[in-house]
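Here is the structure we will look at, set down as structure tokens.
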Amino acid sequence: MPSSATTREPGELTGPRFALFADVLAVGLATAAASLPLITAPAAMSTACAVLDRRVREDAPATAGGYLRALRARLRTGDLLAGAGMLAGGALLLFNALAAGAGLPGALAFRPALLVVAGLLAVVLLRACARPESATSWRVALRSAAYASVRTPRASLVLLLAVATAAVCAWAYPPLAFLVPGPLALAARATEYHL
């Protein structure tokens with residue numbers, strides 16, 4: 001008997017794999033919209049990881065409306081504090097990048113180091129968002145994500161490549177910036193279990 005993951009219903013044009021792709025894009029758009037205040041970005045990405053994980057594991061439909069209901073149900077003070085911390089870290093990285101661009105001594109070595117640090121921080125933050133602990137404690141999620149990033153370097157490298165790909169896509173065609181949170185959330189959740 002053929003698997004339901006590869007067969008189509010009569011009259012269906014795309015099949016179930018395209019449905020997953022559509023759900024990832026819908027959740028990505030909802031995540032981008034929920035992240036616009038910036039302070040809500042960690043909670044938005046964590047919710048996206050949970051919704052897409054449920055979509056893959058339980059074959060439950062992932063819609064933008066379901067995503068927004070899940071986000072509203074889990075948004076708490078700790079999420080906003082995590083967002084404030086992310087903004088402070090981003091501002092520090094931006095300040096350092098501007099200082100390096102303004103002729104800081106040693107800027108030739110500093111810029112690549114800053115890029116590496118930013119990439120590693122993005123990996124740890126994405127892995128923290130993908131961890132179930134992020135729904136209750138960002139401190140525990142960040143600590144376990146940092147440990148997992150060192151313990152499983154292959155998964156961290158795959159996630160770093162996903163971040164780099166998303167950045168290049170958004171740079172090359174800026175409207176894609178509103179879609180990349182979905183694939184990043186799926187990649188972050190997948191690396192927690194499969195690598």
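No hydrogens, no waters, no symmetry mates; every other heavy atom, side chains included, goes into these values.
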Residue pairs meeting side-chain hydrogen bond (donor to acceptor under 3.5 Å, both in side chains), one or both in residues 77-86, sequence neighbours left out, come to Arg74-Asp79, Arg76-Asp79, Asp79-Trp138

Pairs flagged by side-chain hydrogen bond (donor to acceptor under 3.5 Å, both in side chains) wherever residues 84-99 is involved - sequence neighbours left out: none

Check for me, please, whether [X] and [Y] land in the same ILVMFWY cluster - side-chain distances under 4.5 Å, paths through other members count.
| X | Y | value |
| --- | --- | --- |
| Leu125 | Leu160 | no |
| Leu80 | Leu38 | yes |
| Leu179 | Phe21 | yes |
| Leu25 | Leu29 | yes |

Taking all non-hydrogen atoms of both residues, which atom of [X] and which atom of [Y] are closest, and how far apart?
| X | Y | answer |
| --- | --- | --- |
| Val51 | Ala70 | CG2-CB, 4.2 Å |
| Ala128 | Ser134 | O-CB, 3.4 Å |
| Ile39 | Pro42 | O-CD, 3.9 Å |
| Arg55 | Ala60 | CD-O, 2.9 Å |
| Leu52 | Ala185 | CD1-CB, 4.0 Å |
| Thr31 | Ala48 | OG1-CB, 3.3 Å |

For Leu92, does the CG atom have more than 12 heavy-atom neighbours from other residues, nucleotides or ligands under 6.0 Å away? yes

Measure from the side-chain N and O atoms of Tyr67 to the backbone N and O of Ala44, and report whether any donor-acceptor pair falls under 3.5 Å. yes

Any donor-acceptor pair under 3.5 Å linking the side chain of Thr152 with the backbone of Ala155? no

What distance do [X] atom [atom1] and [Y] atom [atom2] have between them, rounded to the nearest 0.5 Å?
| X | Y | atom1 | atom2 | result |
| --- | --- | --- | --- | --- |
| Leu186 | Asp53 | CG | CG | 9.0 Å |
| Glu192 | Leu159 | CD | CG | 8.5 Å |
| Thr47 | Leu68 | OG1 | CG | 9.5 Å |
| Leu184 | Cys49 | CG | SG | 9.0 Å |
| Met45 | Met86 | CE | CE | 10.0 Å |
| Leu121 | Ser149 | CG | OG | 10.0 Å |

Could you list the residues that satisfy salt bridge (charged side-chain N to carboxylate O under 4.0 Å, His left out) with Arg143, not counting sequence neighbours? none

Quick one: does Val163's side chain get under 4.5 Å of Leu126's, heavy atoms only? yes

Please tabulate, for side-chain N and O atoms in residues 110-119, each donor-acceptor pair with protein atoms closer than 3.5 Å (sequence neighbours left out).
{"residue": "Arg111", "atom": "NH2", "partner": "Ala100", "partner atom": "O", "Å": "3.2"}

Side-chain donor-acceptor pairs under 3.5 Å in residues 164-176, sequence neighbours left out?
{"residue": "Thr165", "atom": "OG1", "partner": "Leu161", "partner atom": "O", "Å": "2.8"}

Side-chain donor-acceptor pair present, Ser156, Arg127, cut-off under 3.5 Å: yes

With sequence neighbours excluded, tell me which residues meet side chain to side chain donor-acceptor pair (under 3.5 Å) with Ser144. Arg131

